[in-house]
J.: 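Here it is, the structure in full.
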Amino acid sequence: MIRKVAVFGATGSIGTSALDVIARHPDRLRASVLAAGSNVAALVALCVTHRPDHAVIADAALLDALASALRDASLDTTPHAGMPALDALARDAAACDTVVAAIVGAAGLDSTLAALRAGKRVLLANKESLVLAGALMMQAAHDAGATIVPIDSEHNAIHQCLPADGDCSGVARIILTASGGPFRGRSRLSLADVTPAQAVAHPKWSMGPKISVDSATLMNKGLELIEAHHLFAMPVERLDVLVHPQSLVHSFVEFIDGSTLAQLGLPDMRTALAVGLGYPDRIASGVTGLDLLQHGRLDFEAPDTDAFPCLALARGALAAGGTAPALLNAANEVAVSAFLQGHLRFLAIPTLVEHVLGTLPAAHAASLAVLRDADARARHVATQAIETGAVH
Ligand code: NDP
Ligand code: MG
């Protein structure tokens with residue numbers, strides 16, 4: 001049977017990589033739903049190539065623009081607009097059986113949760129939703145019998161190293177690898193004047209702007225610690241990080257018998273996406289295997305927590321529990337967006353996150369409403385701190 005795949009965040013870095021893999025397998029995969037945030041032109045261009053049944057633009061004001069652009073292109077793709085439409089398609093059994101969750105930020109939470117609650121196969125790239133509401137999402141997946149295949153390369157590597165049933169009882173430790181980002185080896189002081197253009201110039205991975213800045217601050221690895229905690233039910237003290245500048249080893253799983261397994265591959269997200277799209281079968285991704293003789297060596301070093309305090313902030317939020325990770329994530333989203341717009345210095349990103357965590361006490365994460373409220377409060381406090389110049 002041909003899998004019907006909904007790609008949420010289709011116009012982004014992950015979305016276009018997913019579509020590349022899908023197009024290689026017309027006999028087993030079809031892009032049935034494509035969704036974007038506000039870029040109608042890019043979404044319609046993808047519809048021309050992939051001919052989905054449905055196209056969704058999250059910005060509700062853009063329905064007419066999407067409908068007329070689809071008409072102009074002579075496509076019979078049905079246009080939809082607004083986040084509720086996205087959630088409805090995530091649930092709809094006729095529309096899709098697989099969802100690639102590749103919206104950036106907490107904006108991806110509702111549609112991912114809708115897909116999980118409907119028992120779909122979810123290829124989860126949107127790590128912020130897990131940081132915000134990981135326990136609820138894992139419970140929803142469990143209750144509905146949904147399958148989560150992690151797409152984040154580290155978590156996908158761990159998923160590949162674990163037994164097929166995902167049993168972690170023999171796991172002693174999980175070690176996430178980190179490239180170190182564009183500023184690896186730099187002192188904290190030397191980072192005072194770095195620009196957004198420098199921060200998004202990642203040495204190994206080609207990614208969207210938000211995650212590129214997260215990689216430069218190492219917040220990305222902090223978010224990934226929290227992500228691993230939820231996906232693999234691993235306590236924070238059994239989660240470690242190693243900087244590995246070649247970005248060929250995508251993570252390690254250390255077992256209680258002294259074995260350590262790793263997954264290796266070129267830094268190209270199509271491999272992880274192919275693992276998810278074909279799961280449990282292996283399918284071609286367009287990525288070639290490694291030529292280890294050409295690469296020569298694999299290096300590892302400890303992360304520099306002085307120059308990059310975000311990792312410790314995330315570890316602290318995970319240890320504090322409750323709404324703390326939601327506060328951390330929201331503050332970071334505001335900080336990264338302000339940095340990209342030139343309103344905040346690079347070094348103020350961790351300062352702003354710390355300010356929010358210090359201002360708002362972490363509460364028990366009793367429900368989704370409590371988590372959403374924490375997310376909104378953190379955005380408010382962070383925005384005010386930038387506007388008043390309290391953090392700059
Ligand atoms: P991009 O910025 O490249 O793409 C983001 C996508 O989300 C676009 O399709 C965008 O649409 C859409 N979008 C933005 N805001 C909204 C919204 N409010 N509602 C609906 N859709 C929206 O991001 P990436 O592809 O780099 O990252 C996507 C997710 O995957 C992130 O959570 C990231 O952390 C994770 N990830 C990414 C990796 C990578 O290699 N890129 C690796 C591991 C994880 P539009 O074009 O219209 O703005
Ligand atoms: Mg990653």
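Whatever order the structure lists ligands and atoms in, that order sets their numbers, starting from 1.
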J.: Report the part of V104 (side chain from C-beta onward, or backbone N, CA, C, O) that has a heavy atom under 4.0 Å from ligand 1; answer both or neither where that applies.
T.: both
J.: Should the proximity of A58 to ligand 1, defined as any heavy atom under 4.0 Å, be assigned to the side chain, the backbone, both, or neither?
T.: side chain
J.: What is the nearest protein non-hydrogen atom to atom 36 (N) of ligand 1, stated with its residue, atom name and distance?
T.: I211 CD1, 3.6 Å
J.: Is it true that D20 and R270 make a salt bridge, defined as a side-chain N closer than 4.0 Å to a carboxylate O?
T.: yes
J.: Quick check: closest heavy atoms across L66 and V44, and the distance to 0.1 Å?
T.: CD1-CG2, 3.8 Å
J.: Among protein heavy atoms, which sits nearest to atom 26 (O) of ligand 1, and what does the distance come to when rounded to 0.1 Å?
T.: G208 N, 2.9 Å
J.: Numbering the atoms of ligand 1 from 1, which are under 4.0 Å from a heavy atom of G12?
T.: 1 (P), 3 (O), 4 (O), 8 (C), 9 (O), 25 (O)
J.: Any chance CG of D76 has more than 12 other-residue heavy atoms, nucleotides or ligands included, within less than 6.0 Å?
T.: no
J.: Looking at D281 and R28, does any basic side-chain N land under 4.0 Å from a carboxylate oxygen?
T.: yes
J.: Between K204 and D268, does any side-chain N to carboxylate O distance fall below 4.0 Å?
T.: no
J.: I'd like to check which ligand 1 atoms, numbered from 1 as shown, lie under 4.0 Å from a non-hydrogen atom of N126.
T.: 32 (O)
J.: How far is atom 3 (O) of ligand 1 from its nearest protein heavy atom, and which residue and atom is that?
T.: S13 N, 2.9 Å
J.: Which one of G108, P267, G37 has a non-hydrogen atom at the shortest distance from atom 13 (N) of ligand 1?
T.: G37
J.: Any nitrogen or oxygen of D152, side chain or backbone, less than 3.5 Å from one on ligand 1?
T.: no
J.: Which ligand 1 atoms are under 4.0 Å away from a heavy-atom of A10?
T.: 9 (O)
J.: Distance under 4.0 Å to a non-hydrogen atom of S38: what atoms of ligand 1 satisfy this?
T.: 45 (P), 47 (O)
J.: Does A42 reach ligand 1, in the sense of a heavy atom lying below 4.0 Å from it?
T.: no
J.: Please list, in number order, the atoms of ligand 1 under 4.0 Å from a heavy atom of G9.
T.: 6 (C), 7 (O), 9 (O)
J.: Tell me which part of A125 gets within contact of ligand 1: side chain, backbone, both or neither, using heavy atoms under 4.0 Å.
T.: both
J.: Considering only heavy atoms of A107, which atoms of ligand 1 have at least one such atom less than 4.0 Å away?
T.: 17 (C), 18 (N)
J.: What atom name does the N, O or S atom of D152 nearest to the Mg ion (ligand 2) carry?
T.: OD1
J.: When you look at CG of D193, are more than 12 heavy atoms from neighbouring residues, nucleotides or ligands closer to it than 6.0 Å?
T.: no
J.: Do any heavy atoms of K127 fall under 4.0 Å from ligand 1?
T.: yes
J.: Is a donor from one side chain sitting under 3.5 angstrom from an acceptor on the other, for S129 and N126?
T.: yes
J.: Where does A35 meet ligand 1, judged by heavy-atom distances below 4.0 Å: at the side chain, the backbone, both, or neither?
T.: neither
J.: Check whether any heavy atom of G15 sits under 4.0 Å from an atom of ligand 1.
T.: no
J.: Are any of the side-chain heavy atoms of T177 and S247 separated by less than 4.5 Å?
T.: no
J.: Could you pull out the atom name of the N/O/S atom in E154 that is nearest the Mg ion (ligand 2)?
T.: OE1
J.: If you measure from the Lys or Arg side-chain nitrogens to the Asp or Glu carboxylate oxygens, is any gap between R377 and D375 under 4.0 Å?
T.: no
J.: Measure the acute angle between the ring planes of H159 and Y279, then classify it against the limits of 30° and 60° as parallel, tilted or perpendicular.
T.: tilted
J.: What protein heavy atom lies closest to atom 29 (C) of ligand 1? Include the residue and the distance to one decimal.
T.: I103 O, 3.7 Å
J.: Which atom, counting only N, O or S, brings E224 closest to the Mg ion (ligand 2)?
T.: OE2
J.: Where do R173 and D240 land on the side-chain contact (heavy atoms from CB on, under 4.5 Å) test, with the steps shown first?
T.: CA-CA 7 Å; R173 210 160 54 111; D240 281 334; 2.5 Å; yes
J.: Can you tell which part of M269 has a heavy atom less than 4.0 Å from ligand 1: side chain, backbone, both or neither?
T.: side chain
J.: Looking at non-hydrogen atoms alone, which of M83, E154, E128 comes nearest to atom 31 (C) of ligand 1?
T.: E128
J.: Between the main-chain N or O of F255 and the side-chain N or O of S259, is there a donor-acceptor pair closer than 3.5 Å?
T.: no
J.: Using a 3.5 Å cut-off on N or O atoms only, is I14 in polar contact with ligand 1?
T.: yes
J.: Considering only heavy atoms of T11, which atoms of ligand 1 have at least one such atom less than 4.0 Å away?
T.: 8 (C), 9 (O), 10 (C), 11 (O), 45 (P), 46 (O), 47 (O)
J.: Is the shortest N/O to N/O distance between N39 and ligand 1 below 3.5 Å?
T.: yes
J.: Ring centres under 6.0 Å, that's the criterion: do H202 and F183 meet it?
T.: no
J.: Which atoms of ligand 1 have any heavy atom of A102 under 4.0 Å away?
T.: 6 (C), 7 (O), 28 (C)
J.: Apply side-chain contact (heavy atoms from CB on, under 4.5 Å) to L340 and V200, showing your working.
T.: CA-CA 9 Å; L340 284 169; V200 301; 4.0 Å; yes
J.: Between ligand 1 and L86, is the shortest N or O to N or O distance under 3.5 Å?
T.: no
J.: Just by modelled atom types, is the L248 backbone N or O under 3.5 Å from a matching donor or acceptor in the H244 side chain?
T.: yes
J.: Please say which of I14, V100, V7 ends up in a side chain to side chain contact (heavy atoms under 4.5 Å, CB included) with L123.
T.: V100
J.: Are side-chain N/O atoms of Q341 and S337 paired as donor and acceptor at under 3.5 Å?
T.: yes
